J.: 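Sharing a structure, written as structure tokens. Questions coming.
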Amino acid sequence: MELGLKGKPVLVMAAAGGIGRGIAAEFAKEGAKVMMFDKDADLLERAALEIGEQTKNRPSFQAGDICKADDIKRVVAQTAEKLGGLYGLINNTGGPPAGKFETFDDEAWLNAFNLTLLAYVRSIREALPIMRAAGGGRIVNNTSSSIRAVIDNLILSNAFRTGIMGLSKGLARELGSAGILMNVIAPGKIDTQRLAHLDGLRAQRQGVPTEELRAAQEKAIPVGRYGTPEEIAKLAVFLCSGANTYITGQSILVDGGMVSAY
Ligand SMILES: NC(=O)c1ccc[n+]([C@@H]2O[C@H](COP(=O)([O-])OP(=O)(O)OC[C@H]3O[C@@H](n4cnc5c(N)ncnc54)[C@H](O)[C@@H]3O)[C@@H](O)[C@H]2O)c1
């Protein structure tokens, strides 16, 4: 399938590790011009260099905090300037802290709002004028399987990820006529540092070794294993590619069949 991504400028947020890094690498493989953004400057630089070595298409990178409006403005402007536009925007972020409702005060709620929802609103706001001027573009918002079935002990994720669903569905309808397609990816259990951290906490709560908990969780997933960042990345690439001309406003789980809800 011709994906038509060669030379297309794509910005990937929270791209130094985990799912974001996997997505940046897959776009680089397809020949896109990639800009990677992350708050961890060292990890970011290393990731960009490694992806460059693997793909012979080294991404640009810029460090910054996704919770800061000015950092988002800067990276979107830099992408357009350095890469010659902005065709694809992949919104991704760090996960909010785990915990139950009664462990979080207003400050924690506001921080999670900034990290998981407002950051997406801000990057989309900055990207739209550039995409409109170019006659179209693609936006993918990474969320979580908590959009379909709530996850215990992740009340902040449960509350804000569904907000991204509402934002994406509503906005996809506003943007269709401008040639801008927007979709949501919802990962199940993907083998990253974030999942290792959550597994560690869960194992502690249950008083079992982490490896035992992981084995039980993998067994409960129909395909029998955790997913990889690359498996999320392939969907992101397809949704942004020239092969997708009619899918917008959708949310798609990549979860190996884990979530039984429709
Ligand atoms: N891994 C999973 O199984 C899974 C499942 C569902 C949802 N998710 C969600 O997908 C997203 C990515 O997950 P992951 O597993 O790759 O996480 P990760 O923790 O492995 O990687 C997150 C990346 O985001 C960066 N980051 C964090 N806060 C930032 C900030 N304020 N500004 C800029 N960069 C920042 C980190 O430096 C890191 O590179 C998270 O929101 C996570 O909650 C992950």
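Counting starts at 1 for both ligands and their atoms, following the listed order. Everything numeric in this text was worked out from a predicted model, so none of it was measured. Just the heavy atoms: all of them, side chains too, but no hydrogens, waters or symmetry mates, feed the values below.
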J.: For atom 35 (C) of ligand 1, which candidate among Lys39, Met13, Met36 provides the closest heavy atom?
T.: Lys39
J.: Looking only at N/O atoms, are Gly17 and ligand 1 under 3.5 Å apart anywhere?
T.: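 Yes, there is a polar N/O contact under 3.5 Å.
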J.: Return a yes/no value for Asp38: is any of its N or O atoms, backbone included, closer than 3.5 angstrom to an N or O of ligand 1?
T.: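 Yes, at least one N or O pair falls under 3.5 Å.
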J.: Any Lys/Arg nitrogen of Arg122 or Glu126 sitting under 4.0 Å from an Asp/Glu carboxylate oxygen of the other?
T.: no
J.: Taking only heavy atoms of Lys189 into account, list the atoms of ligand 1 that are under 4.0 Å away from them.
T.: 3 (O)
J.: State the atoms of ligand 1, each with its element, that fall below the 4.0 Å cut-off from a heavy-atom position in Gly64.
T.: 32 (N), 33 (C)
J.: Which label fits Phe113 and Phe160: parallel for a plane angle under 30°, tilted from 30 to 60°, or perpendicular past 60°?
T.: tilted
J.: Between the side chain of Thr143 and the main-chain N/O of Arg161, is any donor-acceptor distance below 3.5 Å?
T.: no
J.: Any idea which protein heavy atom is nearest atom 22 (C) of ligand 1, and the distance to it?
T.: Gly94 CA, 4.2 Å
J.: So is Leu198 close enough to ligand 1, meaning a heavy atom under 4.0 angstrom away?
T.: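 Leu198: no contact with ligand 1 (<4.0 Å).
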J.: Would you say the side chain of Asn57 lies within less than 4.5 Å of the side chain of Lys29, judging by non-hydrogen atoms?
T.: no
J.: Report, in ascending order of atom number, the atoms of ligand 1 lying under 4.0 Å from any heavy atom of Ile19.
T.: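 Here the atoms of ligand 1 in question are 10 (O), 13 (O), 16 (O), 44 (C).
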J.: Hey, is Arg194 touching ligand 1 through its side chain, its backbone, both or neither, going by heavy atoms under 4.0 Å?
T.: both
J.: Any side-chain heavy atom of Met182 sitting closer than 4.5 Å to one from Ile180?
T.: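 The answer is no; the side chains never approach within 4.5 Å.
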J.: Between Asp191 and Gly227, is there a donor-acceptor pair closer than 3.5 Å when you use the side chain of the first and the backbone of the second?
T.: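 Side chain of Asp191 to backbone of Gly227: no pair is present.
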J.: What pairs with Glu50 under salt bridge (Lys or Arg N to Asp or Glu O under 4.0 Å), at least two apart in sequence or on another chain?
T.: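 Glu50: salt bridge (Lys or Arg N to Asp or Glu O under 4.0 Å) contacts with Arg21.
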J.: What protein heavy atom lies closest to atom 24 (O) of ligand 1? Include the residue and the distance to one decimal.
T.: Ala14 CB, 3.3 Å
J.: May I ask you to list the atoms of ligand 1 that are less than 4.0 angstrom from any heavy atom of Asn142?
T.: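 Close to Asn142: 10 (O), 11 (C).
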J.: Under a 3.5 Å distance rule, please check whether Asn92 uses its side chain to pair with a backbone N or O of Asn142 as donor and acceptor.
T.: no
J.: With distance as the sole criterion, is a donor-acceptor pair present between the side chains of Ser145 and Asp255 under 3.5 Å?
T.: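 Looking only at side-chain atoms, Asp255 and Ser145 do not form any donor-acceptor pair under 3.5 Å.
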J.: Going by the order shown, which atoms of ligand 1 are within less than 4.0 Å of some heavy atom of Asp65?
T.: 30 (C), 31 (N), 32 (N)
J.: Applying a strict 4.0 Å limit to heavy atoms, is Arg161 in contact with ligand 1?
T.: yes
J.: For ligand 1, is there an atom lying under 4.0 Å from some heavy atom of Gly188?
T.: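 Gly188 counts as a contact of ligand 1 under the 4.0 Å cut-off.
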J.: Considering non-hydrogen atoms of the protein only, which is the closest contact for atom 6 (C) of ligand 1, and what is the distance?
T.: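 The closest one turns out to be Pro187 O, 3.4 Å.
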J.: For the 3.5 Å polar cut-off, considering only N or O atoms, please tell me whether Thr93 and ligand 1 meet it.
T.: yes
J.: Provide, to 0.1 Å, the distance between atom 7 (C) of ligand 1 and the closest protein heavy atom, together with that atom's residue and name.
T.: Thr143 O, 3.1 Å
J.: I'd like to know if the side chain of Asp38 reaches the main chain of Ala16, judged simply by a donor and an acceptor atom lying under 3.5 Å from each other, with no hydrogens or angles considered.
T.: yes
J.: Give the atoms of ligand 1, by number and element, whose distance to some non-hydrogen atom of Gly18 is under 4.0 Å.
T.: 16 (O), 20 (O)
J.: Kindly identify the option in Thr116, Asn92, Ile190, Asp191 whose heavy atom sits closest to atom 2 (C) of ligand 1.
T.: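 Residue with the shortest heavy-atom distance to the ligand atom: Ile190.
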J.: Is any side-chain N of the basic residue among Arg214 and Glu211 closer than 4.0 Å to the acidic one's carboxylate O?
T.: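 Judged by the 4.0 Å cut-off on N to carboxylate O distance, Arg214 and Glu211 do not form a salt bridge.
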J.: Could you find the nearest protein heavy atom to atom 15 (O) of ligand 1 and give me its residue, atom name and distance?
T.: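 Nearest protein contact, heavy atoms only, for atom 15 (O) of ligand 1 is Thr192 OG1, 2.5 Å.
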J.: Do any N/O atoms on Ser144 end up under 3.5 angstrom from N/O atoms on ligand 1?
T.: no
J.: Would a distance-only check, ignoring hydrogens and angles, find a side-chain to backbone donor-acceptor pair under 3.5 Å from Asn183 to Gln250?
T.: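 Here the side-chain-to-backbone pair exists.
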J.: May I ask you to list the atoms of ligand 1 that are less than 4.0 angstrom from any heavy atom of Ile66?
T.: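 Matching atoms, with element in brackets: 30 (C), 31 (N), 32 (N), 33 (C).
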J.: In the hydrophobic clustering that connects Ile, Leu, Val, Met, Phe, Trp and Tyr at side-chain heavy-atom distances below 4.5 Å, which members other than Leu181 occupy its cluster, ordered by chain and number?
T.: none
